[in-house]
Amino acid sequence: MVTNRAAHLARTVTDAHHILAITFTNKAAAEMRERMQMLGAAEGMTVCTFHALCARLLRVYHDRFGVPRGFTIFDRDDRRKVIKKAIEACDLAADRWQPAMVDAEISRAKNDMLTAATFASQETDWRHATLARIYASYEELLTGMDGLDFDDLLMRVALVLQEDDELRDKLEDRYRYVLIDEYQDTNAAQYTIARLLTRERENLCATGDPDQSIYGWRGANIENILTFEHDYPGAKVVRLEQNYRSTKRILAAADALIAGNTQRKEKTLWTENDEGPPVRVVECEEGNDEASLIARAVTQEISRKTSPDEIAVFYRVNALSRGLEEAFIREGIRYQIAGGVEFYNRKEIKDVLAYLRVLVNPADEVSLLRIINAPPRGIGATTISRLVNKAHSTGRRVFDVLFSDEELAGVGRSSGKVRDFRQLLDKLKTVIDQPVSKALEHVISHSGLRAQYRSTSEADASPAANLDELVSAATAFHQEQPEATIVDWLEQTALISDIDGLDPEAAMVTLMTLHAAKGLEFSVVYIVGLEDGLLPFSRYDEETDEEEERRLLFVGITRAKKRVTLSRVRYRMQRGITERTVRSRFLDELPADQVEWSDDAPKKPKRRSPEVRGELPHDIAEWEVGTLVRHPIHGLGRVLAMHRGKKRTHVDVEFKDGSKRSWVLEFAKLERVDYDEVG
DNA sequence: AATATTCCCGTTTTT
DNA sequence: CGGGAATATT
């Protein structure tokens, strides 16, 4: 839709150079660029996400935006670390002011374009005031490191464009035609940027569906799309109520579900597609049953000539992917997974990137502290904290302390090691002008990281392999963009999203969260975990936006072209404990005539067979720590500890050969031995 | 200082 | 259950 319009504009109305197309993910941007190429209209067009656009603008016009030229983008982990420091700096208890909570609050503030100062000025109560203090401290630390977080990218651009008419005019002239996809998920900062860029010409083409707004939790404001006609009075509104993707029954089910939302503009979807089979709902006993049922269904689907890349499994939380993965491996199904164990989040990868980040931006203290002893080079916690204290007490950067001989003298015995490290950095400094792949190769071999991972790789070879893969990725990057610098590459890797790694062509089934599924389509879709508390998700301490949860399931169902299966489990294990569940209320909202229910109840009741109850030994009264016992296999032993639970008694035993074992006493083949028997 | 071990605690979702 | 952090051990 956006693609076709952009191509049309480029061919008939304007130079592609004047077109800005904003997508929701990098993957969508890449696909759009590709299709644009086929339409012969790609040259010079800007196609990217809001975050990528802002990063680029901040880089190019850094002086106008008031950010350091070589700023580093701090990801969630980096940001958490800085927030922790900020909380400490404010002398607050980390258990009362949890970094995760503070992080979310600051993020929310930034998405609403509230700077630390603005946030502080609207203080209402003590909690807000304290958050404002942390926020201010966080900003100070971040600024000191030449860092910007994800939310800064948007906020900074939005705020400056509001003030700087000259720059805005310049950008407006450059981007005369703006197209935005998934407009229903824009937050205040993104909305502001869009508005400011189209102030003069009002040339904005936005696509979106209020029923698919699922990012409210990160500041997305559904009002942005609802008020579009008011914001752009000249706009032509095209309503797409005909659906070309799904069967009649899938659509009917989705439609009935979303009708449960009260805050909504009525809309009836229709299609000329086939009726199709009913939506299936399956109820299983527990997670493993659900996972293997789906794996079997997928196998069957593939044997019926459905291409694996046309099959997807969605879930509300990433934690549910593990069981599915195991089942898929058992069944021998090839799959790819969005996010989860993200490549760029692995330790070895983050280590290498941290080297580059320090070389490019010496102020990046988070990265510096990460690599100062990685691989281990004899610089321990005490030395590090001395260096940090020295730096902070004199208002300098840790990096500079490393390079000051007089400061280093006061560090103690390990100052030699620190000198070695600084020499290493000095030697590596030259790589920043080389192509990324070369630079990476240099860093990996000279830092000792390769040696470290090679030596420890007997047990697990993947870290070394990941480093190789990183170099390959960088090589590919260099080939595609020979002009790009290391800073560009770091920026790109920082902005990579969960689904970017997925290959739509690969002959693999795709596993992902419902959020990641937005904008995609598959022939056959499975959605697991339709249980109260999971979908709709709820947390005891926070009220849930049930309507957004309903939209989330709506998005999931409407990804499917041919078949949809929803599943739930009667007992769900989470965090090691199994709990009885309640079926999702959403299942009951589906129209009965479009849905086929089935129960995958276990045929043979494996549990609760009465005879395996087990019994305590008749002389239990005599058992205590120190009691001698005999086991038919392990022989003579001594009771180390006994723990009487409500239903079971656990016992730890040490045997003559020194080995220790624990049993549930009711089932253990242990008998008590009297001293005189041993003789 | 480095490694081994235990402890602790889970903000769902993401750029 | 599982990762990361605090803590114990060498």
Side-chain angles (χ1 to χ4, degrees), chain A residues 22-29 48-55 73-77 79-81 84 94-95 98-105 107-108 110-111 148-155 182 185-187 189-190 214-220 287 314-323 326 338-342 345 347 373-384 412-414 417 452 456 491-500 512-518 529 533-542 544-545 548-549 551-552 555-556 572-578:
Chain A
I22 294 176
T23 58
F24 198 71
T25 63
N26 295 298
K27 179 163 172 276
C48 60
T49 64
F50 263 114
H51 287 86
L53 171 75
C54 291
I73 298 174
F74 275 43
D75 68 18
R76 198 171 135 243
D77 283 358
R79 178 177 158 136
R80 283 280 166 87
K81 284 180 189 159
K84 253 188 185 163
D95 52 332
Q98 290 166 354
M101 180 280 275
V102 175
D103 187 357
E105 293 282 358
S107 179
R108 203 182 51 75
K110 287 191 175 183
N111 282 322
L148 293 181
D149 63 28
F150 285 133
D151 304 316
D152 279 328
L153 299 176
L154 304 173
M155 182 179 78
E182 308 283 6
D185 280 320
T186 50
N187 62 32
Q190 292 166 324
I214 54 176
Y215 281 92
W217 50 272
R218 76 172 201 210
F314 305 148
Y315 33 81
R316 179 64 237 263
V317 297
N318 284 118
L320 292 187
S321 71
R322 178 168 261 118
E326 285 167 6
V341 272
E342 303 141 83
N345 264 346
K347 264 186 276 304
N373 200 34
R377 51 172 67 90
I379 304 176
T382 29
T383 309
I384 292 175
R413 316 283 157 272
S414 27
K417 308 268 178 65
Q452 182 197 6
T456 58
E491 185 171 297
Q492 194 212 263
T493 56
L495 296 177
I496 266 174
S497 66
D498 271 355
I499 75 161
D500 289 342
M512 66 178 99
T513 63
L514 284 159
H515 283 92
K518 189 170 69 151
L534 247 190
L535 185 59
F537 190 92
S538 63
R539 188 109 290 204
Y540 52 91
D541 58 346
E542 221 171 329
T544 52
D545 184 346
E548 181 155 312
E549 297 293 314
R551 290 194 292 268
L552 197 51
V555 166
R572 175 72 68 187
M573 181 162 82
Q574 273 179 312
R575 296 201 209 129
I577 39 178
T578 303

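Note that the structure is a prediction, hence the values are computed from the model and not measured. We name chains A, B, ... by the order of the sequence lines, and we start the count at 1 in each one.
Put simply, CZ on A/Arg80 is 11 Å from P on B/dG10, counting in whole angstrom units. Atom CE in A/Met101 sits about 18 Å away from atom C1' in B/dT12, given to the nearest Å. Counting to the nearest Å, the P atom of B/dC9 and the CD atom of A/Gln98 are 10 Å from each other. Regarding A/Leu534, its CG atom lies at a distance of 14 Å from the C1' atom of B/dT11, rounded to whole Å. Taking atom CD of residue A/Glu182 and atom P of nucleotide B/dT14, one finds them 15 Å apart after rounding to whole Å. Atom CG of A/Asp77 is separated from atom C1' of B/dT14 by 13 Å (rounded to the nearest Å). Atom-to-atom, CG of A/Asp103 to P of B/dT12 comes out at 12 Å; the value is rounded to the nearest Å. Rounded to whole Å, the distance from CD on A/Glu549 to P on B/dT11 is 15 Å.
Once rounded to the nearest 0.5 Å, the distance linking CD of A/Gln190 with CG of A/Leu153 reads 11.0 Å.
Under a 4.0 Å N-O distance rule, the pair A/Arg218/A/Asp185 does not qualify as a salt bridge.
Residue-level contact check: A/Phe50 touches neither bases nor backbone, having no heavy atom under 4.0 Å from any strand. No contact: A/Ala52 has no heavy atom under 4.0 Å from any strand. Among the protein residues, A/Gly380 comes within range of the sugar-phosphate backbone only, with heavy atoms under 4.0 Å from sugar or phosphate atoms but none that close to a base. In this structure, A/Arg322 reaches the sugar-phosphate backbone alone: every heavy-atom distance under 4.0 Å involves primed, P, OP1 or OP2 atoms, never a base. Within the nucleic acid shown, A/Thr25 has no heavy atom closer than 4.0 Å to any nucleic acid atom.
C/dA6 and B/dT11 are spaced 23 Å apart, taking the C1' atom of each and rounding to whole Å. A gap of 15 Å separates the P atoms of B/dT13 and C/dG4, to the nearest Å.
Contact annotation: A/Asn373 reaches the phosphate of B/dA2 (side-chain N/O to OP1 or OP2, under 4.0 Å). A sub-4.0 Å separation between OP1 or OP2 of B/dG10 and a side-chain N or O of A/Arg539 is absent. One finds no side-chain N or O of A/Thr513 lying less than 4.0 angstrom from the OP1 or OP2 phosphate oxygen of B/dT12. At the phosphate of B/dT14, OP1 or OP2 sits under 4.0 Å from a side-chain N or O atom of A/Asn318. Within the structure, a side-chain polar atom (N or O) of A/Lys347 is placed less than 4.0 Å from OP1 or OP2 of C/dG4.
Judged by distance alone, the side chain of A/Asn26 and the main-chain N or O of A/Leu495 form a donor-acceptor pair under 3.5 Å.
In this structure, the side chains of A/Asp103 and A/Arg79 come closer than 4.5 Å at one or more pairs of heavy atoms.
Test A/Asn187, A/Asp151, A/Asp149 against A/Lys110 for side-chain hydrogen bond (donor to acceptor under 3.5 Å, both in side chains) and you get one pass: A/Asp149.
Counting only heavy atoms from C-beta on, A/Thr382 has its side chain closest to B/dA1 among B/dA1, B/dT15, B/dT14. Counting only heavy atoms from C-beta on, A/Asp151 has its side chain closest to B/dT15 among B/dT12, B/dT15, B/dT14. Taking every side-chain heavy atom of A/Ala104 into account, B/dT11 is the closest of B/dT11, B/dT14, C/dC1.
For A/Tyr215 and A/Phe24, the distance between ring centers is under 6.0 angstrom.
Residue whose closest nucleotide on DNA chain B sits further toward the 5' end, between A/Arg575 and A/His51: A/Arg575. Heavy-atom nearest nucleotides on DNA chain B were determined for A/Leu495 and for A/Pro376, and the one closer to the 5' end corresponds to A/Pro376.
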